[in-house]
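Starting from 1, each residue takes its place in the sequence as its number.
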Amino acid sequence: MLYLIGLGLSYTSDITVRGLEAIKKCDRVYLEHYTSILMAASLEELEAFYGKPVSLADREMVESGCEEILRGADKQNVAFLVVGDPFGATTHTDLVLRAKKQKMPVEVIHNASVMNAVGSCGLQLYNFGQTVSMVFFTDSWRPDSWYDKIWENRKIGLHTLVLLDIKVKEQSIENMARGRLIYEPPRYMSIAQCCEQLLEIEESRGTKAYTPDTPAVAISRLGSADQTFKSGTIEELSQYDSGEPLHSLVILGRQCHELEIVYLLEFADDKTKFQSSVTQDQEYFKPAPWVPPTEDAE
Ligand SMILES: C[S@@+](CC[C@H](N)C(=O)[O-])C[C@H]1O[C@@H](n2cnc3c(N)ncnc32)[C@H](O)[C@@H]1O
C-alpha cells in the first residue's frame, strides 16, 4: 500500500491518529521536502515521534520517476508524508497516478492545509477565488501569469490567496552547469518581497487589477504557536517585517462581509486607514449599474 499522509501545518503531533497508525505499519517512510516545511519539528523529532527512520524526498526524487518511493509498494507499506494536506495547493496526483498504473493500492489520509486554515484570518473560504503562486524573480525571469488570475478574481469580487515561493534544495546555475551537487541555503519569500513584486508587475501592466492602496492581509506561520496576521495596504505590507517563514498573503476582493472587515481590523496598525482603503477599493471595483435593454437593442 502507498499511503499519502498529511502532517498538518506545524507540530509533530498535528498528524491524525489514523495517519500515525498507518506510519507504524510502514516499511519505508518518505517526507516530501520541497513544497512546504513543518515549522515546529525537525527531521530527528519526527523520527523519534514515529519510532522509525524518515527519508527526505526532494523534487527530483518525486518528479522524475518516483521509482524509489514506489519500489515494492505492491507488497510492502510505504508512507509518503506531506506537510499540510497531500492534495492542498500542491497536489501529488502524479505520484498517485503512477502508483495506480503499477496496480499499487493507494490510501490518502488528509489533514489541515493552508488552503483551509487561511480562514483563521477572518476571511470566509466561500469568498476566495483562484489561488496563485508568487515565485522569486531573477534578473532574467519575472513570470507574471498570476496577475491575470488576480484580475479575474477581483472582477467578480473574490479574495486571492497568494502562496509564496520557497527554495529548499536548489543549485546555483554555475553549480548546475558544472554538475556539482552543491545546494544553496534554503530561502523563503517574505511578505515584503511578495508585495514588492506585486507592485512591480502592476506598474508594468498598468491595468489596475489592484493598486498600492488595495487592502490585503499577511498570514505568517499559520497553525504554529506564533502565527501572526497583519492587515494593511499592499504598499504598507511591502515594508512589513514578517519574521520567520512560512508566509502567505490574501488580497481582498470587493465582496467583503461586514464581519470579515471587523475581524481584519484587529490586525491593522491604523484601523481608520485600513477601513478607508477597503471602502475605496470596493467603490473602485463596484460593478457598473445594470441598464435595462432598450427596444432598439432587441
Ligand atoms: C505549495 S504550498 C503547499 C501547501 C501544503 N501542502 C498544505 O496543504 O498546506 C506551500 C506554500 O503555502 C504557504 N503555506 C504553507 N503552510 C503555511 C503556513 N503554515 N503559514 C503560512 N503560509 C503557509 C506558503 O506560502 C508556502 O510556501
Side-chain angles (χ1 to χ4, degrees), residues 8-11 14 36-40 84-85 88-89 111-132 134 150 153-154 156-164 188-199 202 209-286:
L9 292 172
S10 185
Y11 300 91
D14 281 344
S36 203
I37 53 163
L38 204 57
M39 291 172 292
D85 185 85
N111 209 316
S113 165
V114 64
M115 301 288 288
N116 66 279
V118 67
S120 60
C121 74
L123 294 173
Q124 293 170 10
L125 296 180
Y126 278 31
N127 293 341
F128 279 73
Q130 305 166 86
T131 297
V132 301
M134 177 68 76
I150 297 176
N153 289 344
R154 301 258 300 157
I156 52 172
L158 299 179
H159 311 314
T160 307
L161 172 62
V162 186
L163 300 178
L164 278 51
Y188 306 92
M189 189 182 286
S190 67
I191 293 292
Q193 183 166 7
C194 171
C195 290
E196 278 165 20
Q197 294 190 181
L198 281 166
L199 293 175
E202 178 52 67
Y210 49 86
T211 72
D213 297 325
T214 294
V217 55
I219 296 161
S220 299
R221 301 169 296 279
L222 196 53
S224 76
D226 66 343
Q227 69 175 13
T228 54
F229 305 99
K230 179 64 73 186
S231 308
T233 63
I234 295 179
E235 174 90 72
E236 285 167 346
L237 293 176
S238 72
Q239 310 287 325
Y240 169 61
D241 177 0
S242 48
E244 294 292 308
L246 295 164
H247 311 286
S248 297
L249 181 82
V250 181
I251 301 174
L252 265 64
R254 160 177 45 82
Q255 278 191 48
C256 248
H257 188 274
E258 208 186 310
L259 283 182
E260 293 183 296
I261 309 286
V262 171
Y263 216 98
L264 288 180
L265 282 173
E266 287 300 306
F267 310 130
D269 288 338
D270 183 339
K271 296 186 186 359
T272 316
K273 187 161 182 271
F274 187 74
Q275 175 66 69
S276 112
S277 70
V278 172
T279 311
Q280 277 174 31
D281 194 67
Q282 288 176 334
E283 187 60 29
Y284 183 80
F285 280 91
K286 205 165 61 179

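Using a distance-only test at 3.5 Å, with no hydrogens or angles considered, no donor-acceptor pair links the side chain of Q130 to the main chain of N153. Looking at S277, its side chain never comes within 3.5 Å of a backbone N or O of T233 through a donor-acceptor pair. In this structure, the side chain of N111 does not engage the main chain of G84 through any donor-acceptor pair within 3.5 Å. Checking side-chain atoms of Q255 against main-chain N and O of I156 turns up a donor-acceptor pair under 3.5 Å.
Residues in residues 229-246 take part in these salt bridge (Lys or Arg N to Asp or Glu O under 4.0 Å) pairs, two or more places apart or across chains: K230-D269, E236-K273. Within the structure, the ring-ring contact (aromatic ring centres under 6.0 Å, His included) test picks out the following pairs touching residues 216-240 (sequence neighbours left out): F229-F267.
The side-chain contact (heavy atoms from CB on, under 4.5 Å) test applied to Q124 returns N127, H257, E260, not counting sequence neighbours. Every ring-ring contact (aromatic ring centres under 6.0 Å, His included) that F128 has, sequence neighbours left out, goes to H159. For the side-chain contact (heavy atoms from CB on, under 4.5 Å) test, residues two or more places apart in sequence or in another chain that qualify with T279 are Q275. Checked against ring-ring contact (aromatic ring centres under 6.0 Å, His included), H247 has no partners two or more places apart in sequence or in another chain.
Residues Y210 and T160 fail the side-chain proximity criterion, which asks for heavy atoms closer than 4.5 Å. Here the side chains of L252 and L123 are in contact, with some heavy-atom distance below 4.5 Å.
One finds the CG atom of L198 at 4.5 Å from the SG atom of C194 (value rounded to the nearest 0.5 Å).
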